[in-house]
Amino acid sequence: MLKHKFIFTKTIAVIIILFFTACTGTRQYYNLALTFENNGNIKDAAKNYLISLERKPSNKKAKIKVLSIGQKYLDKLSSDFFREYNSQQYETCIETYTEFTKYRTKAKTLTIELIYPPIYDKDYLEALRLYSEINYNKVLKFIKEEQYENALLLAKKIEKLNPNYKNIREIENISYCEPLYRDAIKLFKNKKNNLAKNNLQLIQQKSENYKQSSSLLKLINDLLFVRYMIFYPKNSYAESVYVNILNWSNQHSDKFELITNTPFSNFEVSPSSINSTSKELLKTIHLATGIDFYLTFNTTNVFEYESQLTAIEKTGYETHYREKYEADNKTKYKEYYTKPFKYFEKYANESVEFDLEYNIINASTGKVFTSFKQHYIAKDEINYNELASGYSGVSITNSSENNEVKSSSGSFWLSLLNIIFNSWQKKFNATKTLKPITTLKNDLLNNTHNKIIESLNIHLKKNDND
């Protein structure tokens with residue numbers, strides 16, 4: 001019985017779902033179209049009757065309505081087309097023709113044949129020809145008068161309605177590209193190469209072969225391309241930074257080139273070493289190699305320190321209690337006392353530090369673009385307590401560095417809070433090993449690398465904007 005009831009309930013649920021699906025489909029659009037029709041809105045009524053029929057081609061009511069109301073709508077559009085064509089409103093009549101042929105085509109796919117005067121097909125082609133011809137000549141006039149924005153708007157309209165008319169695509173390209181091209185040349189002459197590049201890239205997206213845009217873009221890219229000569233640091237301590245910078249530059253080879261100073265390994269370049277003789281050599285190297293800037297850096301005052309582990313023996317006190325009775329021998333109480341134990345306070349530290357000297361120097365003038373000196377330091381230390389041999393059973397939770405008797409009333413939770421907030425007790429669980437000295441060194445050298453990369457990025461950006 002329960003099984004049959006379940007099947008019946010499930011069937012009812014499916015029927016309800018199908019009912020609401022129907023209501024939100026063909027019936028919904030039919031009812032909406034009926035409302036439009038009753039309000040005299042033939043256009044929206046016809047469109048919604050057609051959608052209703054599309055949702056359910058077997059809907060006879062919708063099909064009858066498309067035959068009647070749809071035909072009325074088509075008759076109205078045909079009448080509008082006739083009036084617009086004869087009053088030479090070519091753009092409007094083209095849009096009207098497009099609208100009623102689109103509606104008629106949809107109806108035809110649903111086996112409904114709506115009629116309109118066949119001569120309108122010929123009139124449409126003539127309207128399209130006249131519209132395109134008139135406005136094409138306007139576009140040419142706009143271009144001649146350098147009104148490129150107006151030319152572009154009108155050319156796009158012609159291309160939308162009549163995409164194969166003459167060379168309208170080429171004319172549209174001219175309307176779009178010419179003002180960008182002229183502006184790019186002005187920017188280039190004023191040495192605003194980065195802005196000129198932006199214009200030329202927009203042109204390339206539209207038309208790769210527009211005038212000399214490709215050649216000009218290549219020239220500007222070459223001018224914006226920066227060539228650095230990086231000098232190997234005198235102190236090999238920073239060798240990893242040198243290697244990392246070279247690797248980083250390979251990932252950005254589209255913006256700049258970084259070459260090594262191998263042919264000039266004995267030539268020192270720094271703000272303090274530049275004189276009249278070295279300036280001439282800098283210019284010579286610049287002319288011979290095309291180098292734009294020299295990049296030099298070095299680490300000085302390098303200092304690494306790692307102390308020995310020191311251990312100071314100290315005494316701690318563990319709290320204990322014993323049960324005792326009052327004088328009446330009936331009342332029991334706890335008597336607290338301390339026991340001393342030995343532990344060691346251990347300490348060690350290490351540090352790495354150096355000064356970074358860094359320079360970017362103009363290869364053609366010898367002038368310093370960027371120069372800075374910065375001190376880098378990294379430290380680590382350990383400071384912990386450790387029980388002496390033979391005292392492994394001591395409870396640190398119930399212990400103190402002072403010989404004070406402490407009640408353990410409140411027990412577990414008070415003991416837990418005590419170990420959390422008591423720095424002396426926490427030191428028994430502190431880290432007991434220093435970081436490897438190489439870790440500190442590598443962290444500092446990575447910071448150095450990041451600083452140089454940051455400076456290079458700033459320099460490249462500044463060079464782009466110059």
Side-chain angles (χ1 to χ4, degrees), residues 91 128 131-229 248-259 286-293 295 360 362-365 369 453 456-466:
E91 183 178 0
L128 187 61
Y131 170 81
S132 301
E133 183 178 328
I134 292 168
N135 288 289
Y136 180 83
N137 291 329
K138 285 183 181 180
V139 171
L140 295 180
K141 187 173 182 294
F142 282 139
I143 291 175
K144 187 176 181 181
E145 295 172 351
E146 298 182 9
Q147 297 183 43
Y148 296 108
E149 188 174 347
N150 292 335
L152 181 61
L153 288 173
L154 199 51
K156 283 184 174 180
K157 281 188 175 182
I158 297 171
E159 188 179 3
K160 180 181 177 181
L161 296 174
N162 195 0
N164 297 317
Y165 185 76
K166 292 186 177 180
N167 62 337
I168 191 61
R169 285 193 175 88
E170 181 185 345
I171 295 300
E172 189 205 339
N173 284 344
I174 293 172
S175 303
Y176 176 81
C177 297
E178 186 61 22
L180 290 171
Y181 185 75
R182 293 188 179 193
D183 192 39
I185 291 175
K186 289 179 184 177
L187 292 167
F188 177 63
K189 287 180 178 178
N190 292 324
K191 297 184 178 180
K192 295 182 178 180
N193 294 335
N194 208 44
L195 295 175
K197 178 182 176 178
N198 291 340
N199 278 18
L200 293 169
Q201 286 177 330
L202 290 173
I203 292 171
Q204 290 292 293
Q205 292 171 8
K206 184 74 173 177
S207 177
E208 292 184 1
N209 300 315
Y210 188 77
K211 291 189 173 180
Q212 300 300 315
S213 60
S214 295
S215 300
L216 186 56
L217 180 59
K218 184 178 183 304
L219 173 61
I220 289 175
N221 280 333
D222 287 341
L223 290 173
L224 289 174
F225 193 80
V226 184
R227 293 169 179 83
Y228 296 91
M229 177 178 284
W248 175 80
S249 70
N250 291 333
Q251 299 170 14
H252 299 80
S253 57
D254 58 321
K255 292 182 179 180
F256 69 95
E257 181 183 13
L258 198 62
I259 66 172
H286 162 67
L287 294 172
T289 62
I291 295 300
D292 300 302
F293 297 93
L295 171 62
I360 295 179
N362 189 303
S364 62
T365 65
F369 180 87
I453 297 306
L456 273 172
N457 279 324
I458 292 172
H459 182 249
L460 287 168
K461 188 175 181 180
K462 176 70 168 58
N463 190 68
D464 278 353
N465 294 330
D466 285 344

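Using a 4.5 Å cut-off on side-chain heavy atoms (C-beta onward), Leu195 and Asp183 make no contact. A heavy-atom distance below 4.5 Å is found between the side chains of Leu295 and Leu456. Contact check for Phe188 versus Leu200: no side-chain heavy atoms found under the 4.5 Å cut-off. Side-chain atoms of Glu146 and Pro179, non-hydrogen and from C-beta on, never get closer than 4.5 Å to each other. No side-chain heavy atom of Asn193 sits less than 4.5 Å from a side-chain heavy atom of Lys197. Using a 4.5 Å cut-off on side-chain heavy atoms (C-beta onward), Asn173 and Lys206 make contact. You'll find the side chain of Glu172 reaches within 4.5 Å of the side chain of Leu152, heavy atoms only. With contacts defined as side-chain heavy-atom distances shorter than 4.5 Å, the pair Asn162/Ile168 does not qualify.
Remark: Glu91 engages Lys157 in a salt bridge (charged side-chain N to carboxylate O under 4.0 Å, His left out) (not counting sequence neighbours). For Lys141, the salt bridge (charged side-chain N to carboxylate O under 4.0 Å, His left out) partners at least two apart in sequence or on another chain are Glu145. Every residue was checked against the salt bridge (charged side-chain N to carboxylate O under 4.0 Å, His left out) condition with Lys186, not counting sequence neighbours, and none meets it. Contacts of Glu178 classified as salt bridge (charged side-chain N to carboxylate O under 4.0 Å, His left out), with partners at least two apart in sequence or in another chain: Arg182, Lys211. Under the side-chain hydrogen bond (donor to acceptor under 3.5 Å, both in side chains) criterion, Lys166 pairs with no residue at all, not counting sequence neighbours.
A side-chain donor-acceptor contact under 3.5 Å links Arg169 to the backbone of Pro163.
In this structure, CD in Glu170 is found 5.0 Å from CD1 in Ile174, a value given to the nearest 0.5 Å. The CZ atom of Phe369 sits 6.5 Å away from the CZ atom of Phe293 when rounded to the nearest 0.5 Å. Atoms NZ and CG, from Lys192 and Asn198 in turn, are 13.0 Å apart once rounded to the nearest 0.5 Å. Note that the CD atom of Gln147 and the NZ atom of Lys144 stand 13.0 Å from one another [nearest 0.5 Å]. In this structure, CG in Leu224 is found 9.5 Å from CG in Leu219, a value given to the nearest 0.5 Å. The CG atom of Leu258 sits 10.0 Å away from atom CE of Met229, with the distance rounded to the nearest 0.5 Å.
By the 6.0 Å contact criterion, NZ on Lys218 is open, its count of non-hydrogen atoms from other residues, nucleotides or ligands being 12 or less.
Taking every heavy atom of both residues into account, Ala151 and Ile143 meet most closely at CB-CG1, 3.8 Å. In terms of heavy atoms, Ser132 sits closest to Ile158 at O-CD1, 4.2 Å. Contact record, Asn362 with Ser364: OD1-OG, 2.7 Å, taken as the closest heavy-atom pair. Listed here is the closest heavy atom pair of Asn199 and Leu187: ND2-CD1, 4.2 Å. Nearest heavy atoms, Ala184 versus Ala196: O-CB, 3.5 Å. Closest heavy-atom contact between Tyr131 and Asn135: O-ND2, 2.8 Å.
Applying the ring pair (Phe, Tyr, Trp, His ring centres under 6.0 Å) test to every pair with at least one member in residues 139-176, sequence neighbours left out, gives these pairs: Tyr136-Tyr165.
Aromatic pair His459/Tyr228: ring centres closer than 6.0 Å.
Under the 3.5 Å distance criterion, with hydrogens and angles disregarded, a donor-acceptor pair is assigned to the side chains of Ser214 and Gln204.
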